[in-house]
**Student:** 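Okay, here's the structure, questions in a sec.
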Amino acid sequence: MSGEHDRPEFISFGRFRILPDRRELLVDHTPIQLGAHAFDLLMAFVESPGLVLSKADLLTRAWPECSVTDGNLQGQISALRRAFGAERELIRTISGRGYQFTGEVRIVAYVVPAERGDAEPVAGADALRSHVAEQLPSYMVPAAFVQ
């Protein structure tokens, strides 16, 4: 079922909180200015904590149906690291393979079951991956999601 109650209410890691519906990143409850592509990359990372995401996966996620250079990706990764400040190591570069998000992700989501009208909280990266895989067109689902 698709609707306003089947998305994560928020995603947190350390001092940071993401409000997906508002496409907003907060640090210590203060909004951080992120561009659309940087936010798309951030979502790809938190949906795949600990997994190494290839440059191709990230380019497809942030720039669907567009042809851009690795420089665009590196620029947006740099923007995320600047937003993380002293915690810039949350995104690790894995030489020759891609990037890895190292933060401990906590997801709070409310899912409305089809057979009942009341919302149930669902927590965990697997729940978010499943939701994302169902909502995105197949060409946008990162390879790390395919099991």
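Only this structure's heavy atoms are used, side chains among them; waters, hydrogens and symmetry mates stay out.
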**Student:** Less than 4.0 Å between a side-chain N and a carboxylate O, is that true for R61 and E47?
**Tutor:**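 Result for this pair is yes, salt bridge flagged.
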**Student:** Output the distance between atom NE2 (H37) and atom CG (L73), rounded to the nearest 0.5 Å.
**Tutor:**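 Interatomic distance, H37 NE2 to L73 CG, rounded to 0.5 Å: 11.5 Å.
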**Student:** Please name the pair of heavy atoms, one in L41 and one in A62, separated by the smallest distance, quoted to 0.1 Å.
**Tutor:**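 That would be CD2-CB, 3.7 Å.
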**Student:** Under 3.5 Å, side chain of S48 to main-chain N/O of L51, donor-acceptor pair present?
**Tutor:**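 Between the backbone of L51 and the side chain of S48 there is no qualifying donor-acceptor contact (under 3.5 Å).
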**Student:** Please list all pairs passing the side-chain hydrogen bond (donor to acceptor under 3.5 Å, both in side chains) test where one or both residues lie in residues 27-36, with sequence neighbours left out.
**Tutor:**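 Listed once each, the pairs are R15-D28.
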**Student:** For residues I32 and V27, report the shortest heavy-atom separation together with the two atoms involved.
**Tutor:**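 Answer, listing the atom of I32 first, then V27: CD1-CG1, 3.1 Å.
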**Student:** Nearest 0.5 angstrom please: L19 CG to S12 OG, how far?
**Tutor:**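 One finds 10.5 Å between CG of L19 and OG of S12.
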**Student:** Side chain to side chain donor-acceptor pair (under 3.5 Å) for T69 and N72? Distances and angles first, verdict last.
**Tutor:** CA-CA 6 Å; T69 67; N72 293 86; 3.0 Å; yes
**Student:** Please tabulate, for the side chains in residues 97-104, all donor-acceptor contacts under 3.5 angstrom to protein atoms that are two or more places apart in sequence or on a different chain.
**Tutor:**
unit_1: Q100; atom_1: OE1; unit_2: R92; atom_2: NH1; d: 2.8
unit_1: Q100; atom_1: NE2; unit_2: G50; atom_2: O; d: 2.7
unit_1: T102; atom_1: OG1; unit_2: E89; atom_2: O; d: 3.2
unit_1: T102; atom_1: OG1; unit_2: L90; atom_2: O; d: 3.3

**Student:** Looking at every non-hydrogen atom in both residues, tell me the closest pair between F45 and L58 and how far apart they are.
**Tutor:**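 Scanning both residues completely, I find the closest heavy atoms to be CZ-CD1, 3.8 Å.
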**Student:** Would you sort out whether M43 and I18 count as a side-chain contact (heavy atoms from CB on, under 4.5 Å), showing the intermediate values?
**Tutor:** CA-CA 9 Å; M43 290 303 295; I18 301 169; 3.8 Å; yes
**Student:** Can you tell me how far apart CD1 (I77) and CG (D70) are? Round to the nearest 0.5 Å.
**Tutor:**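 So the CD1 of I77 and the CG of D70 are separated by 11.0 Å.
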**Student:** Can you measure from CG (D40) to CG (L34) and round to the nearest 0.5 angstrom?
**Tutor:**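 The CG atom of D40 sits 10.5 Å away from the CG atom of L34.
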**Student:** Quick one: closest heavy-atom pair of P20 and I11, and the distance?
**Tutor:**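 So the minimum-distance heavy-atom pair works out to CG-CD1, 3.9 Å.
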**Student:** Can you measure from CG (L80) to CG (L25) and round to the nearest 0.5 angstrom?
**Tutor:**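 The distance works out to 8.0 Å.
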**Student:** Can you list the steps and then say if T93 with Q74 is a side-chain contact (heavy atoms from CB on, under 4.5 Å)?
**Tutor:** CA-CA 10 Å; T93 301; Q74 292 168 353; over 6 Å; no
**Student:** Is any side-chain heavy atom of W63 less than 4.5 Å from a side-chain heavy atom of Q76?
**Tutor:**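 SC-SC contact between W63 and Q76 confirmed.
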**Student:** Ring centres of F13 and F84 under 6.0 Å apart?
**Tutor:**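 Yes, close enough.
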